[in-house]
Amino acid sequence: MASESCPVCGEEADADVLDPHGHFTAGDDDLRLESESDDEEDDLQSLKQDENYSFTYSFEYIAKNYGDGKYDIHTADMFVQVDWSDAQAGYVISYDVPDIAKIDPEQGNSGAEGFYESSVYDRLMSDLESLDIGPQIIAT
């Protein structure tokens, strides 16, 4: 019987026994330290900051398209709400553009989703990152 130092606690252990001191639990195809979370949701929950956040972002839209690259440009606000969801184990993002009825798609504008993706999303992710909220805890 060969012995060696246990890599977890340093005590002498039988080198032929995989887990002589019971530090590990058997999973499906892996071994994890007993102190490691068995539930990914618990890991995400530990990354949770505040319950919710509110942001306002301004973006430009085409009020009137005269053609030949001539436009009247106006500004609208998008209100973004970021709320923690226990059910989804992450932050859920919602947004609203109160003036969306003034934004005419026939002038070359997209809808609220298009403005969110092109003008707001990157700024929101940057703001969330500065609050230590990374993409791994944004529910999709």
Side-chain angles (χ1 to χ4, degrees):
M1 173 173 106
S3 67
E4 60 185 30
S5 179
C6 176
V8 175
C9 66
E11 293 181 26
E12 191 167 318
D14 184 350
D16 298 328
V17 176
L18 182 60
D19 187 18
H21 298 123
H23 298 296
F24 298 91
T25 57
D28 295 331
D29 293 330
D30 62 345
L31 289 177
R32 295 182 302 271
L33 276 174
E34 199 59 55
S35 64
E36 289 182 23
S37 173
D38 289 332
D39 188 358
E40 185 177 318
E41 289 179 15
D42 289 342
D43 292 339
L44 292 174
Q45 179 76 22
S46 71
L47 297 174
K48 175 183 168 187
Q49 302 296 324
D50 290 339
E51 287 290 322
N52 54 50
Y53 298 89
S54 296
F55 301 91
T56 302
Y57 298 99
S58 294
F59 63 91
E60 294 181 337
Y61 68 94
I62 302 170
K64 178 71 176 162
N65 184 346
Y66 298 103
D68 295 324
K70 296 179 182 168
Y71 308 100
D72 285 340
I73 302 294
H74 288 190
T75 302
D77 288 328
M78 179 175 287
F79 301 111
V80 180
Q81 187 68 33
V82 181
D83 297 302
W84 180 261
S85 168
D86 287 331
Q88 295 191 32
Y91 285 100
V92 176
I93 299 170
S94 58
Y95 50 84
D96 181 47
V97 179
D99 291 335
I100 195 68
K102 295 179 184 178
I103 301 173
D104 185 357
E106 290 186 18
Q107 299 300 317
N109 297 298
S110 64
E113 184 176 348
F115 285 112
Y116 173 77
E117 291 172 359
S118 66
S119 299
V120 172
Y121 177 81
D122 289 337
R123 292 186 282 167
L124 174 63
M125 291 301 113
S126 177
D127 288 343
L128 291 174
E129 192 69 38
S130 72
L131 296 167
D132 292 327
I133 299 173
Q136 74 276 19
I137 58 172
I138 303 295
T140 55

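Along the sequence shown, residues carry numbers from 1.
Within the 4.5 Å cutoff, no side-chain heavy atoms of Tyr53 are placed close to those of Val80. Using a 4.5 Å heavy-atom threshold, the side chains of Phe55 and Leu128 count as touching.
Nearest approach of Gln88 to Ala139, heavy atoms of both residues: OE1-CB, 3.3 Å. Pairing each heavy atom of Val97 with each of Met78, the nearest pair is CG2-CE, 3.5 Å. Annotation for Ile103 and Pro105: closest pair O-CD, 3.3 Å, computed over non-hydrogen atoms. Residue Ser58 comes nearest to Asp77 through the heavy atom pair OG-OD1, 2.7 Å, listed as atom of the first residue, atom of the second, then distance.
Using a 4.5 Å cut-off between side-chain heavy atoms of Ile, Leu, Val, Met, Phe, Trp and Tyr, with links allowed through other members, Leu131 and Trp84 fall into the same hydrophobic cluster. There is a path of hydrophobic side-chain contacts, each under 4.5 Å, that joins Ile100 to Val120. Put simply, Ile137 and Tyr121 are part of the same group of oily side chains (I, L, V, M, F, W, Y) that touch within less than 4.5 Å, one to the next.
Atom CG of Asp86 is separated from atom CD of Glu51 by 7.0 Å, given to the nearest 0.5 angstrom. If you take NE2 on His74 and CZ on Phe59, they are separated by 13.0 Å, rounding to the nearest 0.5 Å. Atom CE in Met125 sits 9.5 Å away from atom CD1 in Ile133 (nearest 0.5 Å). Rounded to the nearest 0.5 Å, atoms CD1 (Ile62) and OG (Ser110) are 9.5 Å apart. The distance from the CG atom of Asp83 to the OH atom of Tyr91 is 9.5 Å, given to the nearest 0.5 Å.
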Full working for side-chain hydrogen bond (donor to acceptor under 3.5 Å, both in side chains) between Asp127 and Tyr57: CA-CA 11 Å; Asp127 288 343; Tyr57 298 99; 2.6 Å; yes

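Side chain of Asp68 to backbone of Lys70: no donor-acceptor contact under 3.5 angstrom is found.
For the 3.5 Å distance criterion, the side chains of Gln81 and Ser54 qualify, holding a donor opposite an acceptor. At a cut-off of 3.5 Å, with distance as the only test, no side-chain donor of Tyr61 or Asp104 sits close to an acceptor on the other residue.
Ring geometry for Tyr116 versus Tyr95: interplanar angle under 30°, hence parallel rather than tilted (30 to 60°).
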